[in-house]
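Below is one structure, written out as C-alpha cells; the observations come after it.
These numbers come from the heavy atoms of this one structure, side chains and all, not from hydrogens, waters or symmetry mates.
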Amino acid sequence: MPYLLVLESVERGGEWVRRAEHPELPGCVAEAPSALEALENLEEERLRMLRKLWHDGVPIPVPRPPLREPTDSRSRPTS
C-alpha cells in the first residue's frame with residue numbers, strides 16, 4: 001500500500017541518524033545510520049504493524065489518495 005513516507009535526518013546523542021516514518025500508521029517509525037537501512041527497517045515495521053492490526057481485528061488505516069495522478073508518457077495523446 002502506498003502510505004505517505006517521511007524521511008529525514010535527526011540528531012540523536014550527538015550522532016546523525018536517518019528517520020523514516022509512515023504518518024498514516026501511528027508509531028510506524030524506524031531509525032538507522034543510513035537512509036537505505038531506515039527504509040528497510042521501516043518496511044519490516046510496517047508489515048509487523050499491519051499483521052498485528054489484522055490479527056487483533058483492528059481496521060487497517062487506508063492510505064490517503066495521491067496528491068496528483070502519476071504521469072505516464074505512453075498514455076498521452078500524440079498530436
Query raised in the report: If you look only at pairs with a residue in residues 54-63, which of them pass as a side chain to side chain donor-acceptor pair (under 3.5 Å), with sequence neighbours excluded?
Result: Lys52-Asp56
Query raised in the report: Quick one: are Pro59 and Leu53 in side-chain contact, heavy atoms under 4.5 Å?
Result: no
Report summary line: Pro63 and Pro2 have their tightest heavy-atom pair at CB-O, 3.6 Å
**Report entry** Leu50 side, atom CG; Cys28 side, atom SG - distance, nearest 0.5 Å
**Finding:** 7.5 Å
Query raised in the report: Any donor and acceptor pair, going by atom type alone, linking the side chain of Tyr3 with main-chain N or O of Glu21 inside 3.5 Å?
Result: no
**Report entry** Set of side chain to side chain contact (heavy atoms under 4.5 Å, CB included) partners for Arg64, sequence neighbours left out
**Finding:** Leu4, Glu24
**Report entry** Nearest heavy-atom neighbours spanning Arg18 and Ser9
**Finding:** CD-OG, 3.2 Å
Report task. Check whether any side-chain heavy atom of Glu45 lies under 4.5 Å from a side-chain heavy atom of Val29, and answer yes or no. Result -> no
**Report entry** Within-4.5 Å side-chain heavy-atom neighbours: Leu7 and Leu42
**Finding:** no
Query raised in the report: Taking only residues two or more places apart in sequence or in another chain, which ones pass salt bridge (charged side-chain N to carboxylate O under 4.0 Å, His left out) with Glu43?
Result: Arg46
Requested in this report: Answer yes or no: are there more than 12 heavy-atom neighbours, outside Glu15 itself, under 6.0 Å from its atom CD?
Outcome: no
Report summary line: Between Ala20 and Ala38 the two heavy atoms that sit nearest each other are CB-O, 3.9 Å
Query raised in the report: Got a sec, which residues hit side chain to side chain contact (heavy atoms under 4.5 Å, CB included) with Glu31, two or more places apart in sequence or on another chain?
Result: Val10, Arg12, Val17, Arg19
